[in-house]
Amino acid sequence: LRLSITTSQDRLNPTAALISDALRKPAFAPESLVLARLVSRDHQMWLDRTPPLRGILSGLAKRGLAPVPVTTLTREQALALHAMVFRPERVAIAIVGDISVEAASKALGSSLGHWRAQEAPRVPVLRPDPPRKTEAFQSALATVAGPTATAADFAPWLIACVAFAEGKGSFLNQEYRVKRGLSYVMGSYLTFRKDASYCTFYVASAGEPVGDLLESVGAFRPSPEAIRRAKSYLAGRYAVGGPTEVGRIGGFSAGHETQTMAAFWLAWWEMRGGGIDRDARFPSMVASTTVDDVLAACAAWKPFDFGERVD
């Protein structure tokens, strides 16, 4: 979850207090829960307009790599989940702008300096919304496990994922849309965790079955030209982000064009153990990645099939 506020220097203290209250003491008032359900309903309607995405997200959820849709969340469930998820050790805050380190530290320290995680109660049972039928579409998913964001081979692994699934020059687009004319929707979904990263590739078609995507992933070895394209694509996406609709399924939807975006990436790297300096170094890490580095990342892929859950 990303919270962002743009403010002026003279309002830094109340801004820090507001962020502190939002993190530590949410009200979960009835009207806010009603609004949340409306947002969930709108999201479900968006999925209904693009049926393959519904099936893809359902498949990701079964593997533990995506949220399970729940539109009947109660206040008790929300409070229990909040106590379990919103904890000091899981939060990183970054400030970008014309402000001194001392002023920022003082404002945040007075609001969050004494935050202690409360004991999380047992979360009441959450019942996912029943799955909807998508028989008209054929979907295939394949997931590869990858390194942590701090590992030396993280950039090569990401480049390999991009070469396989992102952009018109990717393997997925060339194989399924250009050569076979089958695809209705395709791409990748990135999941980053402390102990590993995961990239799930997906293809859906309204026509004939899409085939064995798992086999394609396992055999994938990009050409030097494909790797060059993927490096440029990843560098551009990291700099300017991508469309919001793509971001709801894929990754790297935020760029660096605003101070809010820059603050997000500083916090992103800090939460994954890379330190805030990794944000400035990541573009050069991508640029310096060699063809052999990417091929080694592909050779280390261990794709697993649909239905295998990642704990």
Side-chain angles (χ1 to χ4, degrees), residues 1-2 60 63-66 89-94 141-167 170-171 187-202 214 217-224 226-239 241-242 247 249-256 261-304 308-311:
L1 176 67
R2 175 175 61 194
L60 287 166
R63 309 166 94 167
L65 296 176
E89 67 272 18
R90 302 183 69 175
V91 173
I93 296 177
L141 294 88
T143 299
V144 293
T148 65
T150 59
D153 56 345
F154 180 67
W157 179 79
L158 272 181
I159 293 169
C161 293
V162 169
F164 188 86
E166 295 297 326
S170 68
F171 171 83
S188 63
Y189 184 94
L190 290 165
T191 303
F192 303 105
R193 292 178 175 165
K194 279 188 175 181
D195 57 343
S197 303
Y198 299 94
C199 186
T200 298
F201 307 112
Y202 57 84
L214 194 71
V217 173
F220 179 62
R221 298 295 184 271
S223 66
I227 292 172
R228 185 202 63 76
R229 183 204 66 84
K231 289 172 64 174
S232 298
Y233 187 99
L234 178 57
R237 181 61 68 87
Y238 192 70
I249 297 293
F252 289 96
S253 59
H256 286 75
M261 291 176 178
F264 162 74
W265 282 110
L266 292 176
W268 193 93
W269 285 108
E270 181 68 18
M271 289 186 70
R272 283 155 183 81
I276 60 174
D277 65 315
R278 182 64 65 92
D279 178 56
R281 293 193 292 116
F282 186 67
S284 63
M285 294 170 65
V286 172
S288 62
T289 297
T290 67
V291 170
D292 288 341
D293 293 336
V294 178
L295 293 177
C298 290
W301 274 359
K302 296 179 180 179
F304 49 88
E308 181 176 353
R309 181 180 174 85
V310 178
D311 295 318

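In this chain, residues are counted from 1 in sequence order. Only this structure's heavy atoms are used, side chains among them; waters, hydrogens and symmetry mates stay out.
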Q: Just verifying a value: how many Å separate L266 CG and H256 NE2, rounded to the nearest 0.5 Å?
A: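 That separation rounds to 7.5 Å.
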Q: What's the verdict on side chain to side chain contact (heavy atoms under 4.5 Å, CB included) for W157 and W301, showing C-alpha distance, side-chain angles and the deciding distance?
A: CA-CA 9 Å; W157 179 79; W301 274 359; 3.4 Å; yes
Q: I would like to know whether I159 and V286 meet side chain to side chain contact (heavy atoms under 4.5 Å, CB included); could you show each step before the answer?
A: CA-CA 8 Å; I159 293 169; V286 172; 4.0 Å; yes
Q: So how far is it from L60 CG to Y198 OH, rounded to the nearest 0.5 Å?
A: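 Result: 13.0 Å between the selected atoms.
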Q: At their closest point, which heavy atom of P147 faces which heavy atom of S197, and how far apart are they?
A: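 P147 and S197 have their closest heavy atoms at O-OG, 2.6 Å.
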Q: Can you see which heavy atom on C298 is nearest to which on A160, and at what distance?
A: SG-CB, 3.6 Å
Q: Between K231 and V291, is the side chain to side chain contact (heavy atoms under 4.5 Å, CB included) condition met? List the steps.
A: CA-CA 10 Å; K231 289 172 64 174; V291 170; over 6 Å; no
Q: Mind listing the closest non-hydrogen atom pair of A254 and R2 along with its distance?
A: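 Nearest pair, atom of A254 first, then R2: CB-NH1, 3.5 Å.
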Q: How close do S170 and V162 get, heavy atom to heavy atom, and via which atoms?
A: CB-O, 4.1 Å
Q: Which word best sums up how the rings of F201 and F164 line up, parallel for under 30°, tilted for 30 to 60°, or perpendicular for over 60°?
A: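 Ring orientation, 0 to 90° scale: tilted.
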Q: Counting distance only, does the side-chain N/O of R278 pair as donor-acceptor with the main-chain N or O of R272 below 3.5 Å?
A: no
Q: Nearest 0.5 Å please: distance from the OG atom of S288 over to the CG atom of D293.
A: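 One gets 8.0 Å once the value is rounded to the nearest 0.5 Å.
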Q: To the nearest 0.5 Å, how far apart are CD in E166 and CG in L158?
A: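 One gets 10.5 Å once the value is rounded to the nearest 0.5 Å.
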Q: Fit a plane to each ring of F154 and W269, take the angle between them on a 0 to 90° scale, and name the class: parallel (under 30°), tilted (30 to 60°) or perpendicular (over 60°).
A: perpendicular
Q: Under the side chain to side chain contact (heavy atoms under 4.5 Å, CB included) test against T200, which residue among T191, T143, L190, V144 passes?
A: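 Considering T191, T143, L190, V144, a side chain to side chain contact (heavy atoms under 4.5 Å, CB included) with T200 is found only for T143.
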Q: Closest approach of I276 and E270, non-hydrogen atoms and distance?
A: N-OE1, 3.6 Å
Q: Where is the tightest heavy-atom contact between T148 and A196, given as atom of each residue plus distance?
A: CG2-N, 3.9 Å
Q: Say you draw a straight line from CD1 of I227 to CG of L234; how long is it, rounded to the nearest 0.5 Å?
A: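 Output value for this atom pair is 13.0 Å.
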Q: With a 3.5 Å distance limit and no angle check, can you tell me whether W268 reaches the backbone of D279 through a side-chain donor-acceptor pair?
A: no
Q: Measure the shortest side-chain to side-chain distance between P222 and F171 over non-hydrogen atoms and say whether it is less than 4.5 angstrom.
A: no
Q: Could you go through the side chain to side chain contact (heavy atoms under 4.5 Å, CB included) check for L141 and R63 one step at a time?
A: CA-CA 11 Å; L141 294 88; R63 309 166 94 167; 3.4 Å; yes
